Visitor: 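Structure provided below as structure tokens; questions to follow.
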Protein chains: 2
Amino acid sequence: MPAASYSSLPASPAAAQRAGTEQLRRHSLALVLSALREEAVLSHTALSERTGLASATVTAVTGDLERLGAIERQDQPASGGRGRPRVLFARRRRFSHAVAVQISSDALHYGLADYGGTMIDRFSRPRDIAAGTPDSLLSDMGEAIARLIQRSRLEPAEVGAISLSSKGIVDADGGRLVWSPVFGERSVEFSALLEHWPAATLFVSNETLLVAHAAARKRMAESPAEGGAGLIALSLGHSIGLGIARIEEGQFSVSAPNFGHMLNAVDDRLCRCGLRGCIEATAGFYGILRIAFQVPPNTIPARFVPLTEIEKIALSARQGTRMAQHAFRQAGLALGQGLSRVLSLHENLPVIVTGPGTRFYDLMQPGIEEGLRQSLHVRLNGLPKMTVVTDESSLVFAGHVDRALTAVDQRVVGLR
Amino acid sequence: MPAASYSSLPASPAAAQRAGTEQLRRHSLALVLSALREEAVLSHTALSERTGLASATVTAVTGDLERLGAIERQDQPASGGRGRPRVLFARRRRFSHAVAVQISSDALHYGLADYGGTMIDRFSRPRDIAAGTPDSLLSDMGEAIARLIQRSRLEPAEVGAISLSSKGIVDADGGRLVWSPVFGERSVEFSALLEHWPAATLFVSNETLLVAHAAARKRMAESPAEGGAGLIALSLGHSIGLGIARIEEGQFSVSAPNFGHMLNAVDDRLCRCGLRGCIEATAGFYGILRIAFQVPPNTIPARFVPLTEIEKIALSARQGTRMAQHAFRQAGLALGQGLSRVLSLHENLPVIVTGPGTRFYDLMQPGIEEGLRQSLHVRLNGLPKMTVVTDESSLVFAGHVDRALTAVDQRVVGLR
DNA sequence: ATTGTTTTTCTCGACAGTCGAGAAAATAAC
DNA sequence: GTTATTTTCTCGACTGTCGAGAAAAACAAT
């Protein structure tokens with residue numbers, strides 16, 4: 001409860017608002033569309049119940065949406081009870097499509113989803129970190145996306161959104177990657193990609209932000225009544241990612257703070273970003289490696305550490321090797337201290353831990369808890385609820401698709 | 001830009017939403033009311049321009065508000081130009097009143113404002129920190145507020161809101177002070193105060209949150225177009241306070257993180273909260289004192305340090321005493337490092353520095369900047385814009401009044 | 001004094017949206 | 001074939017916003 005917060009009046013009134021009552025209709029359209037995302041197929045009455053709109057209004061709204069081509073009636077009889085058979089509405093899958101690309105340090109994962117939210121194609125391409133440049137990455141991605149679209153025989157205009165994610169710092173509005181583990185401060189301008197798919201909106205997100213997005217969406221779908229304040233997603237791996245989703249009044253907003261490079265302690269541990277004392281420099285895979293092997297802390301970090309390396313360290317830690325245990329404990333401490341700072345700034349949100357590093361969670365947990373307990377906030381509110389979710393990638397893709405389709409929905413709503 | 005953030009769809013649809021088109025009217029009412037808070041007196045046409053509502057709608061809305069008693073026409077001829085004289089609308093001052101109490105460690109400051117937002121009475125009472133208990137504080141406040149209201153010959157029912165602020169951690173919804181410098185973990189239940197003023201809504205806010213509130217409101221009034229992301233208020237004194245206001249789409253929301261007791265470094269410096277390494281333990285007045293006089297860092301902090309003590313240290317620092325300079329530098333470092341963490345979590349917001357500690361800002365500034373520069377975020381985005389504002393108290397009261405009257409407005413809007 | 005000019009407010013009819021109630025539709029049961 | 005049942009759709013009432021023009025209320029000119 002502590003970190004008090006509330007929000008205030010309109011204030012800047014003449015802001016971008018249109019006519020009066022038509023705004024209302026837009027809201028109703030959005031309501032129906034969003035209900036049809038949570039539950040793929042709904043009858044007239046079910047829509048009325050879920051959205052709170054009167055039955056008459058549902059008729060009007062679904063009529064609009066059918067005319068726009070965004071939804072369609074399923075002609076399945078769906079023979080159930082006795083009376084007039086219900087008409088079932090569903091999003092029209094061919095209406096639009098979303099491309100998702102997960103850019104990770106060793107591979108690129110591509111996915112294509114239809115307007116209904118189901119993945120219709122996906123493939124991966126390995127990535128050569130050493131050889132790549134921002135330009136080569138862009139052209140590789142352009143080709144791969146073209147391929148993805150051709151395989152499903154789609155027209156370029158049928159791509160409504162392209163959503164990219166990477167670890168690192170992102171300028172969401174500008175479609176740029178500002179800082180990334182691989183390219184450092186050489187920024188990548190993804191907006192150039194849009195040339196070939198003019199109908200598409202581009203999203204560039206931090207990867208862990210999407211995890212938080214997907215987790216928050218899931219939580220809201222499962223317990224809609226819960227005004228729960230939100231959640232934190234923490235991704236452990238070569239780098240450390242964090243996403244925060246805050247839920248308020250049925251809406252949620254999500255942000256990706258620059259957690260991995262938040263200052264942790266004034267120590268000598270050199271980070272990939274060139275500074276010292278970042279959380280990542282202790283808790284990232286290369287940080288763990290450095291401590292475990294007692295490499296001097298100011299050694300320039302390895303660009304990439306294979307997971308098997310860390311697993312060896314973990315094995316020896318589990319067998320009792322002191323230095324390996326110490327490395328994981330230090331990593332946990334840095335994470336716990338960092339988390340305690342995040343919690344001081346927000347409320348006491350539950351934490352979802354993902355990423356390849358979760359296999360070592362048992363080794364880090366004591367350190368994490370110790371670090372957390374060092375702050376007044378945690379002492380007053382107790383430890384946050386921590387949940388480990390191993391399958392990060394599917395959360396990332398869920399986040400991609402949800403975010404992209406939400407945008408398409410908004411465009412639909414804007415068309416009257 | 002980095003810390004990417006966006007917000008999402010409605011989603012939980014059947015939430016507390018009333019009938020359809022009446023919502024619209026409520027919005028229009030709020031628009032007019034809020035315009036009349038930014039500019040005390042506005043004509044029919046001016047209202048139409050500022051709110052974006054059609055002239056006909058303004059007639060309808062002002063009619064409603066007059067009927068409710070919230071606004072009134074000023075019968076001033078306001079003889080200006082040539083044509084039909086404009087009717088001027090203003091908030092009806094007697095419509096409601098707000099009580100504001102600033103609880104500081106050495107005094108209680110009381111204020112009474114009318115619905116127009118002007119202070120009509122104020123006085124202060126000294127506070128004996130050593131002798132007081134939560135109960136005695138409550139009863140003192142009850143009496144003082146009663147006195148305040150009687151002096152202006154108001155009925156209890158004419159008090160629409162009571163807004164309290166303190167340093168420390170606040171449970172805004174519950175009307176409780178969870179942790180305070182004076183009472184520690186002995187919480188104070190202010191909700192008991194409401195007994196005597198049943199028509200009033202109670203607000204309990206962190207003091208620096210109100211500073212951020214007032215500053216954000218001011219900024220929006222001055223440059224409404226600016227979608228500026230928000231601002232941070234930092235209050236320096238015996239304890240350290242922080243408030244964050246984020247402005248998005250004409251709305252702003254404000255929160256008060258637990259900054260003073262955010263973990264800064266794992267050192268031995270004992271904080272008033274009983275833990276070690278809090279920012280306050282280095283940057284609060286008692287922290288500065290402890291370092292300057294080379295008292296062992298784990299000494300139990302003084303409950304209160306007179307400002308003159310710190311001024312003496314500042315004087316000797318300005319005269320070149322090393323240890324005094326060191327103390328301010330350490331304080332600055334802790335603040336800068338802490339701020340860098342806040343900035344990592346939000347965007348690169350400008351910072352407003354207030355509080356009694358601002359007189360020593362010149363001594364702390366180098367340390368602050370050094371601390372800030374230790375994080376990747378600052379390196380990428382540059383130092384935040386820092387502005388010193390000495391008159392903290394008037395910002396606090398402005399925040400109190402604005403917050404309280406906003407709540408009264410919302411109640412008005414709710415009444416049809 | 002009367003008439004015209006100007007500026008602002010107010011009124012009126014049109015339009016868009018939502019809602020409740022009941023009509024209409026479409027099926028299963030009898 | 002008729003009836004019961006369930007769901008969808010239609011209709012009229014209500015609320016709200018808007019644009020246009022009428023009405024109001026002043027000053028200026030004659």
Side-chain angles (χ1 to χ4, degrees), chain A residues 10 13-14 17-32 41-67 71-90 413-416, chain B residues 10 13-14 17-32 41-67 71-90 413-416:
Chain A
Q17 56 175 8
R18 300 289 169 74
T21 83
E22 297 170 13
Q23 201 82 344
L24 254 244
R25 175 43 80 61
R26 270 194 269 281
H27 185 238
S28 301
L29 290 173
L31 235 38
V32 167
V41 39
L42 289 170
S43 73
H44 178 106
T45 18
L47 272 174
S48 168
E49 278 170 19
R50 289 184 74 119
T51 59
L53 297 172
S55 162
T57 311
V58 171
T59 319
V61 169
T62 50
D64 268 15
L65 289 173
E66 274 183 284
R67 220 163 302 124
I71 69 174
E72 62 190 354
R73 311 158 97 94
Q74 296 201 319
D75 24 35
Q76 314 264 29
S79 74
R82 203 130 113 80
R84 175 174 179 170
R86 24 191 142 199
V87 312
L88 298 175
F89 292 98
V413 164
L415 306 171
R416 192 86 344 183
Chain B
Q17 56 174 9
R18 300 291 167 74
T21 81
E22 296 170 14
Q23 201 84 341
L24 243 287
R25 172 49 71 76
R26 270 194 269 281
H27 185 238
S28 300
L29 291 173
L31 235 39
V32 167
V41 40
L42 289 170
S43 73
H44 179 106
T45 21
L47 272 174
S48 168
E49 279 170 18
R50 289 184 74 120
T51 59
L53 298 172
S55 164
T57 311
V58 171
T59 318
V61 169
T62 50
D64 268 15
L65 289 173
E66 274 182 285
R67 220 164 303 123
I71 68 173
E72 63 190 352
R73 312 158 96 94
Q74 296 200 318
D75 25 35
Q76 314 264 28
S79 74
R82 204 132 111 82
R84 174 173 178 171
R86 25 191 141 200
V87 311
L88 298 175
F89 292 99
V413 164
L415 305 172
R416 190 87 342 182

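Chain identifiers are assigned alphabetically (A, B, ...) following the order of the sequence lines, protein sequences preceding nucleic acid strands; residue numbering begins at 1 within each chain. Not measured: the values here are computed from a predicted model.
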Visitor: R25(B) CZ to dG16(D) P: how many Å, rounded?
Guide: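 Distance check: R25(B) CZ to dG16(D) P gives 5 Å.
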Visitor: Roughly how far apart are R26(B) CZ and L31(B) CG, rounded to 0.5 Å?
Guide: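 Separation between the atoms: 14.5 Å.
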Visitor: Starting from P on dT17(D), measure out to CG on L47(B) and report it in whole angstrom.
Guide: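 In whole Å, dT17(D) P lies 14 Å from L47(B) CG.
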Visitor: Which whole-number value in Å describes the distance from L31(B) CG to dT17(D) P?
Guide: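 Atom CG in L31(B) sits about 10 Å away from atom P in dT17(D).
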Visitor: Please state how far atom CD in E22(B) lies from atom C1' in dG17(C), giving the value in whole angstrom units.
Guide: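 Nearest whole value for this atom pair: 13 Å.
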Visitor: Is the closest side-chain heavy-atom distance between V58(B) and V32(B) below 4.5 Å?
Guide: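 No - every pair of side-chain heavy atoms lies 4.5 Å or more apart.
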Visitor: With respect to the side chain of L53(A), which nucleotide from dC19(C), dA16(C), dT17(D) is positioned closest?
Guide: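 Of the options given, the side chain of L53(A) lies nearest dC19(C).
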Visitor: Roughly, in whole Å, what's the span from CG in D64(A) to P in dA16(C)?
Guide: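 For the pair D64(A) CG and dA16(C) P, the rounded distance is 12 Å.
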Visitor: Taking only N and O in the side chain of T21(A), is any of them less than 4.0 Å away from OP1 or OP2 of dC18(D)?
Guide: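 No, because none of the side-chain N or O atoms of T21(A) sits under 4.0 Å from OP1 or OP2 of dC18(D).
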Visitor: Answer yes or no: is there a donor N or O on one side and an acceptor on the other, between the side chain of T59(A) and the main chain of S55(A), under 3.5 Å?
Guide: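 Here the side-chain-to-backbone pair exists.
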Visitor: Kindly calculate the angle separating the two end axes of the helix from dA1(C)-dT30(D) to dC30(C)-dG1(D), each obtained from five base pairs, and round it to 10 degrees.
Guide: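 Here the local axes at opposite ends form an angle of 30°.
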Visitor: Are side-chain heavy atoms of L53(B) and L47(B) found at a separation under 4.5 Å?
Guide: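 The answer is no, as the side chains (C-beta and beyond) never meet within the 4.5 Å cut-off.
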Visitor: Is any side-chain heavy atom of I71(B) less than 4.5 Å from a side-chain heavy atom of T62(B)?
Guide: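 Yes, side chains in contact.
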Visitor: Do Q74(A) and F89(A) make a side-chain contact, defined as non-hydrogen atoms from C-beta onward lying under 4.5 Å apart?
Guide: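 Counting from C-beta outward, Q74(A) and F89(A) never come under 4.5 Å.
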Visitor: What's the separation between atom CD in E72(A) and atom CG in L88(A), rounded to the nearest 0.5 Å?
Guide: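 Going from the CD atom of E72(A) to the CG atom of L88(A) covers 11.5 Å.
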Visitor: Rounded to whole Å, how long is the line connecting atom CG of L24(B) with atom C1' of dC19(C)?
Guide: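 One finds 15 Å between C1' of dC19(C) and CG of L24(B), rounded.
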Visitor: Go along nucleotides 2-9 of chain D 5' to 3' and tag each nucleotide: B for a protein heavy atom under 4.0 Å from its base, S when only backbone or sugar atoms are that close, - otherwise.
Guide: --SBBBBB
Visitor: Specify the closest pair of heavy atoms between S28(B) and V61(B), including all atoms of both residues, with the distance to one decimal.
Guide: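 Minimum heavy-atom contact is CB-CG2, 3.8 Å.
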Visitor: Whole-Å distance between dG17(C) P and Q23(A) CD?
Guide: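 My rounded result for the distance is 11 Å.
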Visitor: Compare every heavy atom of A54(B) with every heavy atom of S48(B), then report the nearest pair and how far apart it is.
Guide: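 Looking at all heavy atoms of both residues, the closest pair is OG-C, 4.1 Å.
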